[in-house]
Colleague: 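Got a structure for you, questions after.
The sequence lines fix the lettering, A, B, ..., with proteins before strands; numbering per chain opens at 1. Please read all numbers here as calculations on a predicted model, not as lab measurements. Scope of the values below: all heavy atoms of this structure, side chains included, with no hydrogens, waters or symmetry mates.
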There are 2 protein chains.
Amino acid sequence: MPPPPTTPIGVVLARTAKTAGRAFDAALAAEGGSQPIWQILISLKTKPVANQRELADAVGIQGATLTHHLNGMETTGLVTRRRDPDNRRVHLVELTEHGEQLFHRLATAAIAHDQRMRTGLSATEVAQLADLLHRLAANVTDDPSAR
Amino acid sequence: MPPPPTTPIGVVLARTAKTAGRAFDAALAAEGGSQPIWQILISLKTKPVANQRELADAVGIQGATLTHHLNGMETTGLVTRRRDPDNRRVHLVELTEHGEQLFHRLATAAIAHDQRMRTGLSATEVAQLADLLHRLAANVTDDPSAR
DNA sequence: TATTGTTATACTCTATAACTATA
DNA sequence: TATAGTTATAGAGTATAACAATA
């Protein structure tokens, strides 16, 4: 069984994601954020979520994991949680002013990071890359909606 | 500041890597492995490393983190460590027969995972994807050799 | 003094299971 | 009973700082 002639695409993907992810971590940390916090903020800002379950799904983590992050975010004043009067089982999560500010700082950092990563790539190439990544993800996902 | 019209490539990359990484984790775990163990095994098999420092660099982790993994791998009989007689500061890491066997099982799983991910992609597209990912990584790396 | 590696400790992210509150 | 969320606990991976052994 000879080794494959080229590096497996999974290895290239994992390596790139590790490198890019660490650079992104550093950029977010410099603003006082992290990847899960960024994902939660962006979900709260861009998608209407009815409850924490939906928010957890949007971020791709378990409910208890989301609670863990929200606890920290509430402690640091990024979000508030209050009961939905219409269904007191539901906790409505809302961004505070501080949360809004962090969102904007992280968005700026994320845009800068993205531009840095795209350096030397044409718009066509970026679109190709996104398409290829989508198809890759689809191949390893059972649920076609989880993308 | 309007939101970007398309999903930032960093988000697509992170999402794909998370999805693909979890699927890969599951495939490796089914054989009794993990991503760091796989990276260490593949480094030991394919690259000559003079010492643990080089091995840690090849895997992309700190020396103490490598020690942590090697401790576990030695406990489970995957590797042995012995002093280099020529320089007794250096610990020579070697695969045991059990380590060799795990390497082959994980290699088989990794190849199957890669084929699954590549489903529907031509060889040309995979090569394009690898090239684009390389360029992306290069853009967020200070050290051009860290690729 | 410098290098190699280990130990001690701790942090982040994640998860499962058991629990509370509400419906 | 079912649903929404929390708490308790744990495990994996990673890191830094302090240390021991060797050169």
Colleague: Dump the pairs, protein N or O against N or O of nucleotides 11-17 of chain C, anything under 3.5 Å, distances to one decimal.
Modeller:
unit_1 : atom_1 : unit_2 : atom_2 : d
C:dC13 : OP1    : A:S34  : OG     : 3.4
C:dT14 : OP2    : A:H69  : NE2    : 3.1
C:dA15 : OP1    : B:R22  : NH1    : 3.4
C:dA15 : OP2    : A:Q62  : N      : 3.0
C:dA15 : OP2    : A:T65  : OG1    : 3.2
C:dA15 : N7     : A:T65  : OG1    : 3.3

Colleague: Is there a residue in residues 46-57 of chain B whose heavy atoms reach under 4.0 Å of DNA chain D, and which residues are they?
Modeller: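 Going residue by residue through residues 46-57 of chain B, none turns out to have a heavy atom under 4.0 Å of DNA chain D.
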Colleague: Are the side chain of B:D114 and the backbone N or O of A:G10 linked by a donor-acceptor pair below 3.5 Å?
Modeller: yes
Colleague: Identify each donor-acceptor pair in which a side-chain atom of residues 30-38 of chain A lies under 3.5 Å from a protein atom, sequence neighbours left out, and give them as a table.
Modeller:
unit_1 : atom_1 : unit_2 : atom_2 : d
A:E31  : OE1    : A:R105 : NE     : 3.1
A:S34  : OG     : A:I37  : N      : 3.4
A:Q35  : NE2    : A:G21  : O      : 3.3
A:Q35  : NE2    : A:D25  : OD1    : 3.1

Colleague: Would the distance check show the side chain of A:T96 and the main-chain N or O of A:G77 forming a donor-acceptor pair, the cut-off being under 3.5 Å?
Modeller: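 Yes, A:T96 side chain to A:G77 backbone: donor-acceptor pair under 3.5 Å.
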Colleague: Is the closest side-chain heavy-atom distance between B:L129 and A:L133 below 4.5 Å?
Modeller: yes
Colleague: Within this structure, what is the CG-to-P distance between B:L70 and C:dT6, rounded to whole angstrom?
Modeller: 7 Å
Colleague: Looking at B:R82 and B:E94, is there a salt bridge between them, counting it only when a charged N and a carboxylate O are closer than 4.0 Å?
Modeller: yes
Colleague: Do B:M73 and B:I40 come within less than 4.5 Å of each other through their side chains, counting heavy atoms only?
Modeller: yes
Colleague: Which nucleotide span of DNA chain D, 5' end to 3' end, has atoms closer than 4.0 Å to non-hydrogen atoms of chain B?
Modeller: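 Using the under 4.0 Å cut-off, the span is D:dG13 to D:dA23.
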Colleague: Return the polar atom pairs (N/O with N/O) between nucleotides 19-22 of chain C and the protein under 3.5 Å, or none.
Modeller:
unit_1 : atom_1 : unit_2 : atom_2 : d
C:dT22 : OP1    : A:R88  : NH2    : 3.2

Colleague: What's the shortest heavy-atom distance between A:T141 and A:A137, and which atoms?
Modeller: OG1-O, 2.6 Å
Colleague: With a 4.5 Å limit on heavy-atom distance, are the side chains of A:L13 and B:L13 in contact?
Modeller: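 In short, these two side chains touch, coming nearer than 4.5 Å.
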Colleague: For residues 57-71 of chain B, tabulate all N or O donor-acceptor pairs below 3.5 Å that involve a side-chain atom, not counting sequence neighbours.
Modeller:
unit_1 : atom_1 : unit_2 : atom_2 : d
B:T67  : OG1    : B:G63  : O      : 3.2
B:N71  : OD1    : B:R81  : NH2    : 2.7
B:N71  : ND2    : B:T67  : O      : 3.4

Colleague: Is it true that a side-chain atom of A:T119 and a backbone atom of A:R116 form a donor plus acceptor pair closer than 3.5 Å?
Modeller: yes
Colleague: Less than 4.0 angstrom from a charged side-chain N to a carboxylate O is my criterion; do A:E125 and B:R135 meet it?
Modeller: yes
Colleague: Hey, is the main chain of A:A130 close enough, under 3.5 Å, to the side chain of A:H134 for a donor-acceptor pair?
Modeller: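 Looks like yes, one N/O pair under 3.5 Å.
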